[in-house]
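Whatever order the structure lists ligands and atoms in, that order sets their numbers, starting from 1.
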Amino acid sequence: MRYAQITGWGKYAPPLLMTNDDMAKIVDTSDEWIFSRSGIRQRHYSHISTGDMAWLAAEKALAAAGLDADDIDLIVLGSTTPEEICPNTASYIMNKLGASKAAAFDINSACTSWFYALNAATDMVRAGSINRALVIGSERISLAMDWQKRESCFLFGDGAGAVVIEASEQESGLLASKISCIPDSRECLRLPDWGMTPTHLTDNLFISLDFEGQEIFKSAVKGMSDAITDVLEKQNLSADDIDLFIPHQANIRIIQTLAKRLNFPMEKVVVAIHKYANTSAASIPLALCDALEEGRIVPGMKILTATFGAGLTCGAGIIQWGDRVEPLGVSDASVADYEGTVFDLMADSFVHYGVDAKHLLSK
Ligand code: ACO
C-alpha cells in the first residue's frame with residue numbers, strides 16, 4: 001500500500017507583533033475583552049507578501065525533510081490572500097525555491113485551504129501520480145482588517161506553515177479525511193469585493209470582512225463535529241485512540257466546545273491561538289510546527305485535525321506520524337527585518353479604513 005508520509009515541516013511567523021494592548025490604542029477594546037472572548041493575546045503582522053512567507057516556510061520544510069527543491073513534484077499553496085491570482089502564487093514560490101520539476105497550483109477554501117490542499121496532494125501521492133509535494137498554508141490577512149469593525153479586526157494574524165509529504169510504504173500521513181461545505185452558510189463570513197467584480201474598476205477598492213460571529217461559532221462546531229465523527233468511524237477509532245488534537249485556531253471557546261463534545265482532555269489539544277490569533281490557512285501547519293518544536297509529537301502518534309472556514313467549508317483528518325520528529329536540516333533562508341513599528345507597518349491601512357493613528361507612528 002502507498003501512503004503520503006509527512007517528512008518535513010517549517011513555519012514563518014513574522015517578527016512584528018500587534019498585542020491586544022496595541023489594538024486597544026486603535027479601537028475601543030481591551031486585552032481582557034479580547035482574551036476572554038477568543039483566547040487571543042497577540043497576532044503577528046507581516047511586512048512581506050503571502051508568497052514570500054510561504055517561500056520561507058517551504059525552505060524550512062525542505063531542509064527538515066533533507067530534500068532539494070528539485071526533488072519536489074508538486075507545490076500547492078492554500079491561501080485566501082495570495083497577492084497574485086494570475087499567474088498563481090504557487091508558481092512564484094516555485095521560482096523562489098528554484099524548483100524546476102514541480103507542478104504548481106493554489107487552492108482557496110478560506111481557513112480550510114491548507115487542509116484541502118493536504119487532501120489533494122495526499123491523494124495524488126497515494127494514487128502514484130507524484131512522489132513528493134510541498135503543501136503550504138500562508139496568509140497576509142492583516143491587509144483586510146477593517147479598523148471600523150472592532151468585532152472582527154482583533155481575530156486575525158499573518159503567518160505561514162508548510163509540510164513536505166513523500167510516498168512511503170509505511171502506514172503514515174493522512175489516513176482518513178472528510179472535507180465538506182455546509183449548504184446555505186456562505187453569507188455568514190465573507191470578504192465582499194475580494195475578487196474580480198466590476199468594483200475593481202473603481203479607484204478605491206474597499207475590502208471589509210462581513211461577519212456573523214455567533215452563527216459561525218455554531219456552524220463551525222457542528223461542521224467539525226460531523227467531520228470528526230466521519231473520520232473516526234472510517235478508521236474504526238474512538239476519541240480515546242487519538243494522541244493529539246490539532247484544530248483550526250479561530251477561537252479558544254470553539255476549540256474547548258469541540259473538545260468537550262468529543263470528551264477529549266484539553267491536555268491533548270494543541271492551542272496556539274494566544275500567540276498567532278486566527279491565521280486562516282496557516283493555522284494548522286503553524287500549530288503542527290509548534291507541537292513538533294515543543295516535543296509534543298512522538299513517532300507513530302495518531303493526530304486528529306479539524307478545520308472550518310468561509311463557505312462554510314469544513315474538514316477533519318487522522319494523521320499518523322512517521323518515525324522522525326527531528327528535522328534533518330535547517331534552512332538559513334531569511335528576509336530583511338522591517339525598520340519601524342507595527343503601527344508604522346499598518347499606517348496605510350489605518351488611513352484607508354478611516355482611523356486616525358498618526359500619533360502612534362514613529363516616522
Ligand atoms: N471589544 C470590546 N467589545 C466588543 C468588541 C471588542 N473588540 N467587539 C464587540 N464588542 C461588544 C459588542 O459591541 C457587544 O456589545 P453590546 O452587548 O453592548 O451590543 C458585545 O461586545 C458582545 O458582542 P458579540 O459580537 O455578541 O460578542 P461575542 O460574545 O459573540 O464574541 C466573537 C464575538 C469572539 C467574534 C464570537 O462571536 C466568536 O467567537 N465567533 C466565532 C469565531 C469566529 O468567528 N472567528 C472568525 C474566524 S472564522 C474562521 O476561522 C473561518
K358/D356 under salt bridge (charged side-chain N to carboxylate O under 4.0 Å, His left out): CA gap, chis, key distance, verdict: CA-CA 6 Å; K358 279 193 227 66; D356 181 7; 3.6 Å; yes
Residues V355, V27; criterion side chain to side chain contact (heavy atoms under 4.5 Å, CB included); working and verdict: CA-CA 9 Å; V355 169; V27 295; 5.6 Å; no
Atom 17 (O) of ligand 1 within contact range, any protein heavy atom under 4.0 Å: no
For I141 against D158, the heavy-atom pair lying closest together: N-OD1, 2.8 Å
For atom 22 (C) of ligand 1, the protein heavy atom that lies nearest, with its residue and separation: R37 NH2, 4.0 Å
Donor-acceptor contact present, side-chain D73 to main-chain A102, <3.5 Å: no
Those atoms of ligand 1 less than 4.0 Å from some heavy atom in N278: 47 (C), 49 (C), 50 (O)
Worked verdict on D290 versus K11 for salt bridge (charged side-chain N to carboxylate O under 4.0 Å, His left out): CA-CA 9 Å; D290 281 4; K11 70 175 187 188; 2.6 Å; yes
Polar atom proximity, G213 to ligand 1 (N or O, under 3.5 Å): yes
Sub-4.0 Å protein heavy atom next to atom 48 (S) of ligand 1: yes
Test item, I34 contacting ligand 1 (heavy atom, 4.0 angstrom): no
Option of least heavy-atom distance to atom 3 (N) of ligand 1 (set: F156, F308, W33): W33
Sub-4.0 Å atoms of ligand 1 with respect to non-hydrogen atoms of T29: 1 (N), 2 (C), 6 (C), 7 (N)
Heteroatom proximity flag, H248 to ligand 1, N/O under 3.5 Å: yes
Hydrophobic cluster (4.5 angstrom, side-chain heavy atoms) - remaining members for Y3: M1, L175
Atom 14 (C) of ligand 1 within contact range, any protein heavy atom under 4.0 Å: no
Sub-4.0 Å heavy-atom approach of D28 to ligand 1: yes
Cation-pi check, K260 onto F264 ring (under 6.0 Å, within 45° of axis): no
Atom of S142, atom of M346 and distance for their closest heavy-atom approach: O-CE, 3.6 Å
G309 heavy atom under 4.0 Å from ligand 1: yes
Proximal ligand 1 atoms for L189, defined as those under 4.0 Å from one of its heavy atoms: 48 (S), 49 (C), 51 (C)
For ligand 1, the portion of L312 having any non-hydrogen atom under 4.0 Å away: neither
Hydrophobic cluster partners of V330 (side-chain heavy atoms under 4.5 Å): none
Distance-only side-chain donor-acceptor flag, S172 / Q5, under 3.5 Å: yes
Short N or O distance, Q214 and ligand 1, threshold 3.5 Å exclusive: yes
